[in-house]
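Reviewing the structure listed below.
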Amino acid sequence: RTVVTLYQIITPMAFNLGVEFPDNYEQMVSSFEVLNLDLLPSLNLACMYEFDFVNSLIVTTMWPIAVALLLLVVAPLLLTIVRAEFVSPKTFLGPVLTLSFLVFISTSTKVLSYFKCDEFADTGKRYLEKDYGLDCDGDRYKAFTVYGVAMIGIYPIGIPCLYFILTYSNRRVLSKPEPTRTDPEKASIAHIAFLVANYEPKFWYFETIECFRKLSLTGLLIFSCHCA
């Protein structure tokens with residue numbers, strides 16, 4: 001997880017800081033873009049369709065939600081029907097949390113990028129820094145601003161809050177040393193093991209802090225000054 005997080009942070013850093021790194025470094029970093037689960041650039045959809053940043057934002061933010069709904073709603077329902085016994089959505093919460101971990105940085109950065117516009121002094125026009133074909137004062141941009149705000153609530157804010165709620169509600173068990181936990185207690189937190197596996201029991205909350213640390217090193221850098 002540490003290595004994955006490292007490459008998720010350094011992959012978008014050139015754009016976030018507004019700097020250019022040596023070609024060899026850029027080539028090395030680009031080979032790890034798959035770790036962000038951002039596969040749209042490799043599809044070259046803009047060559048076949050009218051595919052601007054708004055389309056990219058919608059696809060990037062909606063597919064993880066669709067997969068999560070399939071795992072938490074459709075899959076348990078189908079298994080309940082097939083087995084003729086109730087299957088809890090908690091059964092699939094582990095894979096959903098893993099997915100949220102993998103898309104957190106790339107999707108949060110994409111969402112925050114929607115609110116970074118460049119203003120051209122000679123014309124007074126503002127265009128999206130990620131897509132100069134998108135006028136920040138145009139109807140299309142304004143129409144999806146509410147969507148962008150909603151996605152901020154789901155990804156850069158919602159995912160850390162979800163992690164905290166899941167761990168805080170089980171803090172009594174999570175704070176115990178693992179050898180002292182009873183079998184029922186272990187079973188009760190099995191669905192959130194992904195969030196705490198790398199931390200000592202007394203730091204059961206640390207994945208939430210880690211989310212904000214990663215966000216401060218990626219998406220929030222978009223709004224830093226690029227004057228240097």
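Interatomic distance, Ile152 CD1 to Ser108 OG, rounded to the nearest 0.5 Å: 9.0 Å. The OG atom of Ser113 lies 7.5 Å from the CG atom of Leu128; values are rounded to the nearest 0.5 Å. Here the CE-CG distance, from Met151 to Leu57, works out to 8.0 Å after rounding to the nearest 0.5 Å. A distance of 10.5 Å separates CD1 of Ile159 from CZ of Phe212, quoted to the nearest 0.5 Å.
The shortest heavy-atom contact between Ile105 and Thr109 is O-OG1, 2.8 Å. When all heavy atoms are compared, the tightest approach of Gly148 to Phe115 is C-CZ, 3.7 Å. Residues Pro177 and Thr180 come closest through the heavy atom pair O-OG1, 2.7 Å.
The neighbour count for Glu178 CD, taken as heavy atoms of other residues, nucleotides or ligands under 6.0 Å away, does not exceed 12.
Residues Tyr205 and Val196 are not in side-chain contact: their nearest non-hydrogen atoms beyond the backbone lie 4.5 Å or more apart. Looking at heavy atoms from C-beta onward, Ile192 lies in side-chain contact with Leu174 at the 4.5 angstrom threshold. With a 4.5 Å cut-off on side-chain heavy atoms, Phe101 and Leu195 do not count as touching.
The backbone N or O of Lys214 sits less than 3.5 Å from a side-chain atom of Thr218, completing a donor-acceptor pair. In this structure a side-chain-to-backbone donor-acceptor pair under 3.5 Å is missing from Thr107 to Phe104. Within the 3.5 Å criterion, the main-chain N or O of Ile58 finds no donor-acceptor partner in the side chain of Asn55.
Among pairs with a residue in residues 154-167, those fulfilling side-chain hydrogen bond (donor to acceptor under 3.5 Å, both in side chains) read Ser100-Tyr163, at least two apart in sequence or across chains. Residue pairs meeting the salt bridge (charged side-chain N to carboxylate O under 4.0 Å, His left out) criterion with at least one member in residues 58-72: none, sequence neighbours excluded. Residues in residues 186-202 take part in these side-chain hydrogen bond (donor to acceptor under 3.5 Å, both in side chains) pairs, two or more places apart or across chains: Tyr199-Glu207.
Applying the disulfide bond (SG atoms under 2.5 Å apart) criterion to Cys117, with sequence neighbours excluded, gives Cys136. Applying the side-chain contact (heavy atoms from CB on, under 4.5 Å) criterion to Thr98, with sequence neighbours excluded, gives Leu102, Phe194. Arg213 pairs by the salt bridge (Lys or Arg N to Asp or Glu O under 4.0 Å) definition with Glu210, not counting sequence neighbours. Residues passing the salt bridge (Lys or Arg N to Asp or Glu O under 4.0 Å) test with Glu185 are Arg172, Lys176, sequence neighbours excluded. Residues passing the side chain to side chain donor-acceptor pair (under 3.5 Å) test with Arg126 are Asp137, sequence neighbours excluded. With sequence neighbours excluded, the residues that form a side-chain contact (heavy atoms from CB on, under 4.5 Å) with Phe164 are Tyr168, Trp204, Thr208. Remark: Leu162 engages Leu97, Leu166 in a side-chain contact (heavy atoms from CB on, under 4.5 Å) (not counting sequence neighbours).
Phe120 shares a hydrophobic cluster with Tyr127, Tyr132; the chain of contacts runs through ILVMFWY side chains whose heavy atoms sit under 4.5 Å apart.
Each of Ile154 and Ile165 belongs to its own hydrophobic cluster when Ile, Leu, Val, Met, Phe, Trp and Tyr are linked at side-chain heavy-atom distances under 4.5 angstrom. Linking Ile, Leu, Val, Met, Phe, Trp and Tyr whenever their side-chain heavy atoms come within less than 4.5 Å puts Ile65 and Leu99 in one cluster.
With salt bridges taken as basic N to acidic carboxylate O contacts below 4.0 Å, none links Arg181 and Asp183. Here Arg140 does not pair with Asp135 in a salt bridge; the nearest charged N to carboxylate O distance is not below 4.0 Å.
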Let me have the donor-acceptor pairs involving side chains of residues 66-88, under 3.5 Å, with sequence neighbours excluded, atom names and distances please.
from	atom 1	to	atom 2	distance (Å)
Thr80	OG1	Pro76	O	2.7
Thr80	OG1	Val87	N	3.0
Ser88	OG	Lys90	N	3.1

Do Lys116 and Asp118 pass the side-chain contact (heavy atoms from CB on, under 4.5 Å) test, and can you show the C-alpha distance, the side-chain angles, and the key distance before you say yes or no? CA-CA 7 Å; Lys116 182 66 166 67; Asp118 284 344; 3.7 Å; yes
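For an aromatic pair to be called close, the ring centres must be under 6.0 Å apart, and Tyr114 with Tyr141 satisfies this.
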